[in-house]
Every structure is written in structure tokens, then in C-alpha cells.
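One structure is given here, and the rest of the page talks about it.
Just so it is clear: chains get the letters A, B, ... in the order the sequence lines come, proteins before strands, and each one is counted from 1.
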2 protein chains.
Amino acid sequence: MKKSITIKEIAEEAQVSIATVSMVLNKKDKKISEATRKKIHAIAQKYNYTPNTMARSLITRQTRTIGLIIPDIVNPFFPEIARGVEDKASEFGYSVIYCNTDDKIKREDKYINVLTEKMVDGIIFAHSSDRQLGFDSLDKCKVPILLIDRDYENRNVIGRVVVDNREGAYMATSYLLDRGYRKIAYIAGSITTTTARGRLEGYNQALAEREIPVNEHYIKVGEYKLQWGVEAADQLLHEKEPIDAIFCGNDLIAIGAIRKLKECGLRVPEDIGIVGFDDIYLASLVEPPLTTIKQPNYEMGYKAAELLIKNIEKLRQDKIKHENNSVLVEKNTVFLPTELIVRRSAK
Amino acid sequence: MKKSITIKEIAEEAQVSIATVSMVLNKKDKKISEATRKKIHAIAQKYNYTPNTMARSLITRQTRTIGLIIPDIVNPFFPEIARGVEDKASEFGYSVIYCNTDDKIKREDKYINVLTEKMVDGIIFAHSSDRQLGFDSLDKCKVPILLIDRDYENRNVIGRVVVDNREGAYMATSYLLDRGYRKIAYIAGSITTTTARGRLEGYNQALAEREIPVNEHYIKVGEYKLQWGVEAADQLLHEKEPIDAIFCGNDLIAIGAIRKLKECGLRVPEDIGIVGFDDIYLASLVEPPLTTIKQPNYEMGYKAAELLIKNIEKLRQDKIKHENNSVLVEKNTVFLPTELIVRRSAK
DNA sequence: CTGAAAGCGCTTACAG
DNA sequence: CTGAAAGCGCTTACAG
């Protein structure tokens with residue numbers, strides 16, 4: 001549309017050098033006379049000057065833009081994360097470019113490339129669960145990467161922000177145990193991810209603490225879908241040793257399980273106790289409102305953006321000051337706590 | 001992190017000029033000898049060359065990045081739109097920077113500014129419903145803007161993509177009429193938006209066609225929330241002339257209304273027919289699965305990105321070719337059709 | 001207090 | 001077929 005005015009044109013009109021204009025507009029104008037300053041600001045205002053950040057970035061080597069790579073924004077798990085990221089980023093004056101990969105490694109690599117070319121200052125990355133080994137595009141990547149939700153070993157990764165799934169599952173299972181349930185099943189969504197493994201650990205730990213033996217038949221591994229909740233619940237109802245409670249890997253599973261239980265005339269939580277992992281907050285909409293472990297998704301995004309940007313800025317400081325290799329602000333994995341939300345108490 | 005190699009360095013190593021390297025790497029290399037070409041590609045590969053798009057953009061005046069401004073990605077209405085936008089954008093080789101405004105005009109203006117500074121090629125904008133009049137930041141904006149979901153008159157706007165709410169409401173109401181319902185209420189979420197007005201028009205039109213007089217008491221205006229659905233349903237049940245069906249402004253309202261009806265021992269749809277406007281696809285999770293008007297949200301984002309990018313590219317073509325004022329690809333409002341999803345048929 | 005100059009990494013006429 | 005040169009809009013030492 002309209003062409004923007006440049007500092008060169010402002011300089012001409014103000015009868016000063018472009019250096020002076022640049023300094024004034026960047027508030028590095030301690031040494032500039034009040035008169036010049038006013039004149040320049042007036043002209044900038046008049047023509048509605050907007051700086052060309054491309055030109056600036058070319059010199060400063062910072063774009064104040066970060067990338068967010070997630071599987072799918074439509075998956076209700078991710079909007080809160082995305083929102084957390086954007087909130088923190090904009091607090092710091094950063095923008096975020098967001099990318100959907102559908103968990104496809106090819107698309108992940110493509111986006112890492114695109115973001116690198118766009119010179120983003122950093123990337124927040126929720127990678128595919130299939131991504132098992134070190135991968136070229138990550139190794140080659142010239143941009144700092146921070147992992148969320150799922151863990152992954154890689155030297156280019158400057159940090160990780162994940163949910164404390166072990167603790168959450170422990171809380172969920174302990175809650176059921178506290179209410180007197182003893183035959184607690186676990187319907188897992190999958191077991192290949194660190195997420196799922198953490199939850200299994202927590203479940204086992206809670207049982208172990210009370211010296212309740214783990215019944216392998218009580219652990220059903222499938223996928224994070226409503227239909228799987230229905231099926232798994234059906235399987236559990238046909239076990240020789242009847243169950244009295246279920247810890248569900250996520251809330252879609254929980255909804256499915258409840259549907260099945262009701263079909264069979266069982267009441268929740270009077271007959272069968274249920275706690276779900278509240279991936280996507282839907283559980284609160286089904287009846288009976290379900291007791292769940294709330295995932296700190298918003299916090300995850302927020303924290304991730306904070307860590308990433310702090311690292312970015314520290315890296316830059318170090319480069320400017322000492323030109324030596326810099327130490328990261330925080331290199332280790334951050335575990336975010338979950339919360340037990342009791343919506344309807346069992347027994 | 002690692003510094004990227006530049007075309008200058010490639011040129012040195014290959015013993016050619018940077019112009020040659022640039023041409024080869026940009027596939028404008030028809031005139032370059034096969035040997036030089038191969039040599040250059042080999043070196044680029046070897047050092048894992050990634051172009052600096054800042055530098056390129058500075059010259060070409062295109063960033064291949066568009067902005068997406070929405071109220072809140074956590075609102076389940078928007079992820080599908082965002083996904084549609086990103087899908088189409090990445091098809092065209094564009095990235096998208098996304099921004100949450102919480103419907104605050106101040107934040108909208110801030111983001112329009114930020115995006116302008118970042119030199120995005122265009123902006124897709126779902127503006128606040130409170131934004132009634134022409135507004136400075138939009139007028140001043142140097143970037144083409146395309147509006148989605150909500151309409152707004154402004155000369156800087158190159159187009160609009162909205163849902164055909166009138167048609168949708170007409171379908172919903174007609175469906176209920178076809179099933180024999182005659183006392184059809186309408187629980188609206190609000191009436192200030194063009195969205196809500198369109199729906200009211202469709203409702204009125206359907207009734208008018210069958211020569212059924214509109215009963216003002218049957219139209220309840222509130223907000224797009226579950227609780228309002230509960231309240232409005234309660235009000236409707238106390239009307240002198242009893243209703244036999246409800247058209248709900250969105251699915252949160254529908255869920256609330258159903259909850260109330262059930263509480264009063266009424267069956268849906270046997271006693272009271274219900275059709276909701278399926279803003280957020282949640283309706284399918286409540287029982288009984290609800291008949292709804294499906295919003296083409298994904299399509300809205302997809303179409304919007306397509307129109308915007310086509311306009312951007314046309315604008316550029318025209319500038320290169322004739323340097324004259326260009327005609328927009330499509331300036332008018334695009335109405336996207338809704339779809340009636342019958343999940344449980346009434347009567 | 002201010003300016004002249006170099007340069008960020010690239011593209012694009014233009015010349016040969 | 002290839003190179004020298006100008007320039008995109010800005011920042012940053014350095015000099016005065």
C-alpha cells in the first residue's frame with residue numbers, strides 16, 4: 001500500500017544526518033540537543049514514520065521474533081500453550097510465528113528451516129513423539145531451541161519445559177487410594193512417549209507406597225481417544241478381578257470410559273471412581289463433572305517463552321560484552337506441577 | 001548459535017562473483033554454466049548455507065510473512081481458523097505471525113503497528129465487535145488487511161470473508177419447521193454484531209416464509225455463554241404460550257438450554273426441538289448429540305489466506321509490470337456457506 | 001553535540 | 001556466460 005518514509009528523508013527535511021535521526025528515534029539521544037530532537041520527532045510523527053525492522057535486524061542480528069512449532073493448534077491441548085507463549089513473548093516485545101506439523105518429521109524439519117531463514121531469535125518446539133534419535137535439522141539448526149511437553153536429547157536444545165506427569169499420576173492414584181478404592185485400573189493413551197511413561201511411573205509409585213501389587217491386567221494401553229476409553233472400560237469390566245476405580249490417561253479417555261460405565265448401569269464415582277488427566281479441559285463439560293489432574297498448559301507456554309527469551313538476551317549480552325562462549329541461563333529441564341481438581345468427590 | 005555462511009564467502013571459495021552465486025541459488029541461473037552451478041551448489045551444501053531473508057526482504061520488499069490478529073486462540077472458535085490460515089499460507093510459502101487481542105482495541109492497534117514494522121505482506125484480522133467506527137491505526141496501516149468473521153467498513157480493507165449467518169439461521173429454523181415445530185424460540189448471544197444480526201434475519205425469514213408471526217417474547221438476547229442458555233431456557237419455559245423448539249445462537253447456549261430442559265424433565269428433541277449454531281464443535285459431546293449448523297471455520301481461515309496472498313502477489317505483479325494503480329483480485333465480501341448437521345432427528 | 005563512512009547480506013539492472 | 005557497482009534502510013564505531 002502506502003510507502004513508508006525513511007530516516008533518510010526525515011534527515012533531509014530536518015537538515016541533519018541520518019545518524020542523528022537514528023539516534024533520536026532509538027532513544028540513544030542523550031547527546032542530542034533538545035531542539036534537534038523535537039524537530040525530528042515532529043517530522044516522524046507528521047509522516048507516520050515506522051522503522052523498517054528488516055534493515056535494523058540485518059545489523060543487530062535480532063528479529064525479536066520467535067517460532068512456535070506444534071503438532072496442531074486445533075488439538076485442544078495446544079491453544080493454551082500457544083497463548084502462554086504469545087503472552088510472554090509480547091510482554092518482552094517479541095512476536096511469534098506459529099507452525100503446525102501434524103506430528104510429521106518432514107514438516108518439522110521444513111519449519112525449522114523456514115524459521116532459521118527468517119532469522120527468528122529462538123524456537124519453542126513440541127516435537128513429534130516419533131522423533132526418537134538425534135536429527136539432522138536440529139543439529140544443524142543455528143537457532144536456539146527450547147522443547148516443551150515432550151523431552152528429547154539434543155545438544156542444540158537449550159532447555160526443556162515439561163509437565164510433571166509422574167507427580168500428577170501419583171496424585172491421581174493416591175487420591176483414589178485415599179478414598180478407599182483398591183482395584184485401580186489405568187487406561188493409558190500410549191506408552192511410547194516420556195509423557196505416558198511418567199504417568200505410568202506415578203501410578204506404580206502410588207500403588208507401591210501402599211504395598212498394593214500392580215495387576216498387569218489393569219493396565220490398558222491404547223490411544224488418547226474417546227473411543228479407546230469406551231473399549232478399554234469394556235475390557236476392564238470383563239476382567240476376572242473386578243475393578244473399583246480407573247485412572248484415565250486423558251480426559252477424552254475418561255469421557256469414553258464414563259459413557260461405557262453408565263451404559264452398564266454403573267454410577268460414577270459411587271460404583272467406580274474415576275480420575276482423568278485433564279489434557280484439554282473438556283472433562284468439566286461432561287456429566288458428572290469429573291475429578292481431574294489439571295495440566296498447566298498455559299504456564300508451560302508462558303514459562304517456555306520466558307526461558308527462551310531470557311536465554312536469547314543473555315546470549316546477546318555475552319556476545320557484546322566478552323565475545324566468549326556464554327553460559328545458558330538455565331539448561332536443565334523444568335518440571336511444571338499439576339493440580340488435582342476435585343469436582344465431585346468419590347465415596 | 002552458529003554463524004551462517006554468506007554468499008560472499010561462497011563466492012570467494014568458488015572464485016566467482018556474489019552476483020553469480022545469488023543467481024544460482026535463486027534458480028535464475030539459465031545463463032550460468034553447468035560447471036559453475038555445480039560448484040556453487042556443492043559449496044552451499046557443504047557449509048549448510050541458509051539465505052538471510054532479512055537482507056533479501058530489504059530489497060524485494062516482501063517478507064513472505066502474514067499477520068493473523070484474533071481475539072484469543074484459547075476460545076475454541078479460533079483454532080480452526082488459525083489452522084486454515086496457516087495451512088494455506090504455508091502452501092504458498094508464507095509464514096504467519098499470530099496475535100491475541102482479547103478484543104481490546106488498544107492491543108489490536110499495537111499489533112497492527114508491530115506487524116507493520118515487521119513488514120508483513122498482509123494481515124488477516126478478526127476485529128473486536130466493539131470496533132464500530134473508522135479507526136486511525138487501520139487507516140494509517142500500510143499493509144493490506146483482510147477481515148474475517150466480523151465485518152467492518154474501511155478503505156484499507158481489501159476484502160472480507162464471513163460466514164453466511166443469515167442462510168445458516170434460515171436452515172436451522174426451516175429444519176425445525178419441517179419437523180412440525182411451530183413455536184420456535186431463538187436464544188441469541190448478542191445482537192450488536194453483524195453475525196448476530198444475520199442470524200436473526202435468517203430466523204425471521206424462515207418464519208415469514210411459512211407465514212408464522214414472530215413472537216417477540218420468543219427472542220431472548222444475552223451472551224454466548226452456557227449460563228445464558230440455562231437462564232434463557234428457564235425464561236422460555238415460563239412464557240404464557242409454551243414453546244416447542246429452540247434455535248440457539250451458539251452451542252454453548254444450546255448446552256445450557258438442554259441442561260435446563262432436562263432438569264425440568266423435558267426430552268430433547270422429543271418434547272422440545274433444538275438446533276444450535278455450532279461455533280465450537282462442543283455440541284457433539286453433549287447428550288443427546290445435537291443437531292447443529294456447522295460453521296466453516298477452517299474454510300474461513302483457508303479462504304482468507306488465499307484471498308489475501310493472491311491480492312498481495314497481484315499487487316506486486318502490477319507494481320513490477322506497469323507501475324500503475326492495481327485492481328484488487330476480489331474486493332467484495334465472500335460469504336461462506338454453513339452446513340446443517342443432523343445428529344439426532346427431531347420428531 | 002553532530003556528521004561522514006562503513007557495512008549488515010542480499011538482488012538487480014547494466015555492461016562486457 | 002560472468003562481474004562490478006549501486007543500493008535496500010538502517011546502526012554503529014569513529015572522528016571532529
Next on the checklist: Between Glu306(B) and Lys310(B), does the salt bridge (Lys or Arg N to Asp or Glu O under 4.0 Å) criterion hold? Intermediate values first, please.
Outcome noted: CA-CA 6 Å; Glu306(B) 184 179 358; Lys310(B) 278 193 175 159; 3.0 Å; yes
Next on the checklist: Set out, in order, the CA-CA distance, both residues' side-chain angles and the distance that settles salt bridge (Lys or Arg N to Asp or Glu O under 4.0 Å) for Lys88(A) and Glu91(A), then state yes or no.
Outcome noted: CA-CA 5 Å; Lys88(A) 192 71 199 180; Glu91(A) 257 178 48; 3.0 Å; yes
Item to check | salt bridge (Lys or Arg N to Asp or Glu O under 4.0 Å) between Glu108(B) and Lys104(B), intermediate numbers included | outcome: CA-CA 6 Å; Glu108(B) 294 183 353; Lys104(B) 295 194 181 115; over 6 Å; no
Checklist entry - Are His127(B) and Ile148(B) close enough, and set up right, to give a side-chain contact (heavy atoms from CB on, under 4.5 Å), and what steps lead you there? => result CA-CA 8 Å; His127(B) 67 82; Ile148(B) 48 171; over 6 Å; no
Next on the checklist: Run the salt bridge (Lys or Arg N to Asp or Glu O under 4.0 Å) test on Glu80(A) and Arg83(A) for me, step by step, so that the C-alpha distance in whole Å, both residues' side-chain angles and the decisive distance to 0.1 Å come before the verdict.
Outcome noted: CA-CA 5 Å; Glu80(A) 288 195 56; Arg83(A) 181 68 208 249; over 6 Å; no
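Among the atoms of the strands shown, only primed sugar atoms or phosphate atoms (P, OP1, OP2) are found under 4.0 Å from some heavy atom of Thr36(A). Contacts of Thr53(B) with the nucleic acid, taken as non-hydrogen atoms under 4.0 Å apart, are absent.
Nucleotide dT2(D) holds its C1' atom 13 Å from the CZ atom of Arg37(B), rounded to whole Å. The distance from atom CZ of Arg64(A) to atom C1' of dT11(D) is 15 Å, rounded to the nearest whole Å. Rounded to whole Å, the distance from CG on Leu25(A) to C1' on dT11(D) is 12 Å. In this structure, CZ of Arg56(A) is placed 13 Å from C1' of dT12(D), rounded to the nearest angstrom. For the pair Ile40(B) CD1 and dG3(D) C1', the computed distance is 12 Å after rounding to whole Å. Atom-to-atom, CD1 of Ile7(B) to P of dG3(D) comes out at 13 Å; the value is rounded to the nearest Å. Straight-line distance from the NZ atom of Lys118(B) to the P atom of dC10(D): 16 Å, rounded to whole Å. One interatomic measurement links the two molecules: CE of Met23(B) to C1' of dA15(C), which rounds to 13 Å at whole-angstrom precision.
In this pair, Tyr94(B) and Phe92(B) present their aromatic rings perpendicular. The plane angle is above 60°, beyond the 30 to 60° band.
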When you compare the protein's N or O atoms with those of nucleotides 4-8 of chain C, which come within less than 3.5 Å of each other, and at what distance?
unit_1, atom_1, unit_2, atom_2, d
dC8(C), O3', Arg61(A), NH2, 3.4

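Along DNA chain D, the nucleotide closest to Val21(A) and the one closest to Val16(B) are compared, and the more 5′ of them pairs with Val16(B).
At least one donor-acceptor pair closer than 3.5 Å links the side chain of Tyr98(B) to the backbone N or O of Ala82(A). Not one N or O on the side chain of Thr65(A) forms a donor-acceptor pair closer than 3.5 Å with the backbone of Ser95(A).
Stem analysis of DNA chain D (Watson-Crick or G-U pairs, both distances under 3.5 Å, runs of at least three) returns C:1-3 with D:14-16, C:5-12 with D:5-12, C:14-16 with D:1-3.
Among the nucleotides dC10(D), dT2(C), dG3(D), the one closest to any side-chain atom of Thr20(A) is dT2(C).
By the side-chain hydrogen bond (donor to acceptor under 3.5 Å, both in side chains) test, Lys46(B) pairs with Glu13(B), sequence neighbours left out.
Taking 4.0 angstrom as the limit, Ser22(B) places none of its side-chain polar atoms (N or O) nearer than this to OP1 or OP2 of dC10(C). Phosphate proximity of dC10(D) to Tyr49(A): present, with a side-chain N or O under 4.0 Å from OP1 or OP2.
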